[in-house]
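A quick write-up on the structure given underneath.
By convention in this document, chain letters (A, B, ...) are assigned in the order of the sequence lines, proteins followed by strands, and residues within each chain are numbered from 1.
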Number of protein chains: 2
Amino acid sequence: MKHPNKHDLLVLLTEFENACRKADLKVTHQRLEIFRELAQAHDHPSAEMLYNRIIKRLPTISLDTVYRTLATLEKHGLITRVQTLESQARFEAEMIRHHHAVCRKCGAITDFSWNTFDEVQVPAELSGWGRITKRNAILEGICNDCVKGN
Amino acid sequence: MKHPNKHDLLVLLTEFENACRKADLKVTHQRLEIFRELAQAHDHPSAEMLYNRIIKRLPTISLDTVYRTLATLEKHGLITRVQTLESQARFEAEMIRHHHAVCRKCGAITDFSWNTFDEVQVPAELSGWGRITKRNAILEGICNDCVKGN
DNA sequence: TCATAAGTAGTAATAATTATTATTTACAGA
DNA sequence: TCTGTAAATAATAATTATTACTACTTATGA
Ligand SMILES: [Mn+2]
Ligand SMILES: [Mn+2]
Ligand SMILES: [Zn+2]
Ligand SMILES: [Zn+2]
């Protein structure tokens, strides 16, 4: 999972505008900035982290707007809320299937793809469970920075 | 993942007492009741859910004690905090490796084992990440009850 | 341009969790 | 069994994360 370059980001933002219009969401300055910031982030930021980054460019934005916008975009499937053990929710704009390695020490979330896992068949035990729409692997451990930094 | 029967529960509780002593944790009535309740639960209850169940038998227990105890037991590896998208944290005493199917509608968390996944090799992409200590699969979807109940 | 409903900022409120403190209890040692 | 002591608890207050309220602003379609 690499950062989007300047061109990619423009494409993403255009797609985002179109998706908003399709979903009857107004394309506001705030929504664009929140989405842009999240799309170029690589660290699965929390609402507060995004707020602190965006306020530098958009000094009047409110934390409430960031929370509200993230909830709206999540509801419309434009961004994802990431499961963590932390108290603050974290988000990402990367919608391509991928998985997470999480550092128990510093909380860093690293993206990776894992085709082998994506293709493993779900156990029979679960055949009667219901309708499965998503599968994710979460690896937990201590990242290299934290191992060294000890 | 089946419920513990009466005998299993007694064994679990004895092991729990021993683990507490080994960890220099006093074996209090509250800790025993909280662990007992969690050990026989099958629904990954939140602190509040546990509190509401325990207070029937132990009318003076405080919610704070439930939170504090769960944090203590988690720190000593006697229980697990379960990752969810919800605002309330959820817990389990089942320490045998297993995975979760989560209903997006009702929030139910179903345990299952998945040997095929347990044995799949972690992708090369992640070889330099750090020390991986745990791997979990999370399946998301709509459980049968919720599909029917619509 | 203009009407209007959706969205926002600022602030208040709520929900979940953690801290403080006086009291109680587990348990090691006599 | 009794006792001293540190750890744990109950009650309550405080904090943190998130959501609600409301008057004002803005995107958008006519
Ligand atoms: Mn990710
Ligand atoms: Mn479980
Ligand atoms: Zn780390
Ligand atoms: Zn369900």
If only side-chain N and O atoms of B:Thr28 are considered, is one of them under 4.0 Å from the OP1 or OP2 phosphate oxygen of D:dT9? yes
Starting at the 5' end of DNA chain C, which residue's closest nucleotide do you reach first, B:Gln88 or A:Thr65? A:Thr65
Atom NE2 of A:His29 and atom P of C:dA6 are separated, to the nearest Å, by 22 Å
When all nucleic acid strands are considered with a 4.0 Å heavy-atom cut-off, which category describes A:Ala89: base, sugar-phosphate, or nothing? sugar-phosphate
Below 4.0 Å: OP1/OP2 of C:dA9 and any side-chain N or O of A:Ser62: yes
If you only use heavy atoms from C-beta on, which nucleotide in C:dC27, C:dA16, C:dT17 is closest to the side chain of B:Arg21? C:dC27
Without decimals, in angstroms, what is the distance between A:Tyr51 OH and D:dT18 P? 15 Å
Looking at A:Thr80 and A:Val82, would you say the former's side chain and the latter's main chain have a donor-acceptor pair under 3.5 Å? no
Rounded to the nearest Å, what distance is computed from the CE atom of residue A:Met49 to the P atom of nucleotide D:dA17? 12 Å
Distance alone, cut at 3.5 Å: any donor-acceptor contact between the side chains of A:His98 and A:Glu92? yes
Can you find a side chain N or O atom of B:Gln30 that sits less than 4.0 Å from OP1 or OP2 on C:dT24? no
In whole Å, what is the span from the CZ atom of B:Arg31 to the P atom of D:dA7? 11 Å
Salt bridge (charged side-chain N to carboxylate O under 4.0 Å, His left out) evaluation trace for B:Asp118 with B:Lys134: CA-CA 10 Å; B:Asp118 297 339; B:Lys134 203 178 167 195; over 6 Å; no
Rounded to whole angstrom units, what separation is found between the OH atom of A:Tyr67 and the P atom of C:dG7? 20 Å
CD1 of B:Ile61 versus P of C:dT24: gap in Å, rounded? 17 Å
Can you tell me if B:His44 and B:Asp111 form a side-chain donor-acceptor pair at under 3.5 Å? yes
Please determine if a side-chain N or O atom of B:Arg68 lies less than 4.0 Å away from the OP1 or OP2 oxygen of C:dT18. no
Could you tell me how far apart B:Glu74 (CD) and C:dT18 (C1') are, to the nearest whole angstrom? 15 Å
Which residue lies more 5' along DNA chain C, comparing A:Ser87 with A:Thr72 via nearest heavy atoms: A:Thr72
Let me spell it out: for each of B:Leu58 and B:Lys26, pick the nucleotide of DNA chain D with the closest heavy atom. Which residue's pick is nearer the 5' end? B:Lys26
Check: B:Tyr51 and B:Ile34 side chains under 4.5 Å, non-hydrogen atoms: no
Euclidean distance, atom CG of residue B:Asp64 to atom P of C:dT21 [Å, nearest integer]: 14 Å
Hey, does the side-chain of B:Asp24 have a donor or acceptor N/O within less than 3.5 Å of a partner on the base of D:dA7? no
